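To start, the structure itself, in structure tokens.
Chain identifiers are assigned alphabetically (A, B, ...) following the order of the sequence lines, protein sequences preceding nucleic acid strands; residue numbering begins at 1 within each chain. Quantities reported herein were computed from a predicted structural model and do not represent experimental measurements.
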Number of protein chains: 2
Amino acid sequence: MFAGCRASETPLFRVGDKWTGRIIRCLETGPRRFSELQVPLREVTPKVLTETLRAMERDGLVKRTAYAEMPPRVEYELTALGRTLREPMAAFCEWSAAHQPEVLEARDAHERVTLAREAADRGSGRF
Amino acid sequence: MFAGCRASETPLFRVGDKWTGRIIRCLETGPRRFSELQVPLREVTPKVLTETLRAMERDGLVKRTAYAEMPPRVEYELTALGRTLREPMAAFCEWSAAHQPEVLEARDAHERVTLAREAADRGSGRF
DNA sequence: CAGAATCCCCTACGATACTG
DNA sequence: CAGTATCGTAGGGGATTCTG
């Protein structure tokens, strides 16, 4: 994963999971509350959001601050380390945004040839 | 995942899985054979490698070329689309390489405080 | 509000064995 | 060589319900 073809033992430091990247993007501009994160991350369940945030906290990417108020308030913000991830993260997002149509088009094209081949197979095998 | 906090329906286009990134890196410098990919990707099973390559092919990231020889030879290479992923991929690898120590250190530190707290809990609850 | 607890499912990944 | 075929598993992810 790292230099050249040498495989890494620690694949991408949790950036590969489903939500870490999105959370980083949501925290780019400043601290956010738990519920503020749930909104843009449409319908992420509290369990999964908590798990992901805990993991990011463990890895030193976010800092959790709980205020002893009623009702409770908790804020999450990127640490200095977490902030260094914004750039590579943004690069990926830009790539996704820019090339999404091409990927979808490639999938469609691939599906078309697959279906066509299956039809041909059925046709030749029928009699 | 993309612009700002707006969530994406297609999360990172398979870049999140365990092997896609590594494969892209291995194909950076040119076409590679199936067996040539197995070596640097230590111990990836042929099944998983095949699955990942098929998915990348479907998404238009790699091109598969089979030569009708004996013994058989198959080469994989990045498409133009796949090549555009080299840069963001490299950015991530550089980040990983540069910050791996910090992440590991953060994990250790987190584990230390967790263990310490557990010990304290046991101590206070013992009598 | 910010989660903890519980239950469940799917699929990515892997080990092993076999084939054109 | 470059795969398929089968089987098995861990855990990431989700739905639902409950609580300080």
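- Note: B:Thr20 OG1 to B:Leu61 CG = 7.5 Å, rounded to the nearest 0.5 Å.
- Rounded to the nearest 0.5 Å, atoms CZ (A:Arg54) and CG (A:Leu49) are 9.5 Å apart.
- Considering only the side chain of A:Val48, D:dG14 comes nearest among C:dA2, D:dG3, D:dG14.
- Summarising the geometry, the separation between OH on A:Tyr76 and P on C:dA2 is reported as 9 Å, rounded to the nearest angstrom.
- The CG-C1' distance, from A:Leu49 to D:dG12, rounds to 14 Å in whole Å.
- Between B:Arg33 and D:dA2 there is a side-chain polar atom (N or O) within less than 4.0 angstrom of OP1 or OP2.
- Protein atom CD1 of A:Ile23 is 14 Å distant from nucleotide atom P of D:dG12, rounded to whole Å.
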With a 3.5 Å cut-off and sequence neighbours excluded, list the donor-acceptor pairs that the side chains of residues 109-116 of chain B form with protein atoms.
residue  : atom : partner  : partner atom : Å
B:Thr114 : OG1  : B:His110 : O            : 2.8

| field | B/S/- contact track for nucleotides 15-20 of chain C, protein heavy atom under 4.0 Å | value | B----B
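- Note that the two end axes of the helix from C:dC1-D:dG20 to C:dG20-D:dC1 enclose an angle of 50°, each drawn from 5 base pairs, rounded to 10 degrees.
- Taking each heavy atom of B:Tyr76 and B:Leu27 in turn, the nearest pair found is O-CD2, 3.4 Å.
- Under the salt bridge (charged side-chain N to carboxylate O under 4.0 Å, His left out) criterion, the residue pairs touching residues 69-78 of chain A are A:Lys63-A:Glu77, A:Glu69-A:Arg73, A:Arg73-A:Glu75, with sequence neighbours excluded.
- The CG atom of A:Leu53 sits 15 Å away from the P atom of D:dG12 (whole-angstrom rounding).
- Between A:Ser35 and C:dA2 there is a side-chain polar atom (N or O) within less than 4.0 angstrom of OP1 or OP2.
- Distance CD (A:Glu51) to P (D:dG11): 12 Å, rounded to an integer number of Å.
- Dashed line: the shortest gap from a side-chain N or O of A:Arg32 to OP1 or OP2 of C:dA2 is not under 4.0 Å.
- Residue A:Asp17 contributes atom CG, which lies 16 Å from atom C1' of C:dC13 at whole-angstrom precision.
- Among the nucleotides C:dG14, C:dA2, D:dA2, the one closest to the side chain of B:Arg73 is D:dA2.
- With contacts defined as side-chain heavy-atom distances shorter than 4.5 Å, the pair B:Arg64/B:Leu53 does not qualify.
- Note on A:Arg54: a side-chain N or O is less than 4.0 Å away from OP1 or OP2 of C:dA4.
- A:Thr65 pairs by the side-chain hydrogen bond (donor to acceptor under 3.5 Å, both in side chains) definition with nothing, not counting sequence neighbours.
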Tell me which donor-acceptor pairs under 3.5 Å the side chains of residues 81-93 of chain A have, and how far apart each pair is, sequence neighbours excluded?
residue : atom : partner : partner atom : Å
A:Thr84 : OG1  : A:Leu81 : O            : 2.5
A:Thr84 : OG1  : B:Trp95 : NE1          : 2.9
A:Arg86 : NE   : A:Arg83 : O            : 3.2

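- Distance CE (B:Met56) to C1' (C:dA12): 16 Å, rounded to an integer number of Å.
- When side chains are defined from C-beta on, A:Met56 counts as touching A:Ile24, because their heavy atoms get closer than 4.5 Å.
- Here A:Tyr67 lies out of heavy-atom contact (under 4.0 Å) with every strand.
- Straight-line distance from the CG atom of B:Leu37 to the P atom of D:dC1: 14 Å, rounded to whole Å.
- Within the 4.5 Å cutoff, the side chain of A:Lys47 has heavy atoms near those of the A:Glu51 side chain.
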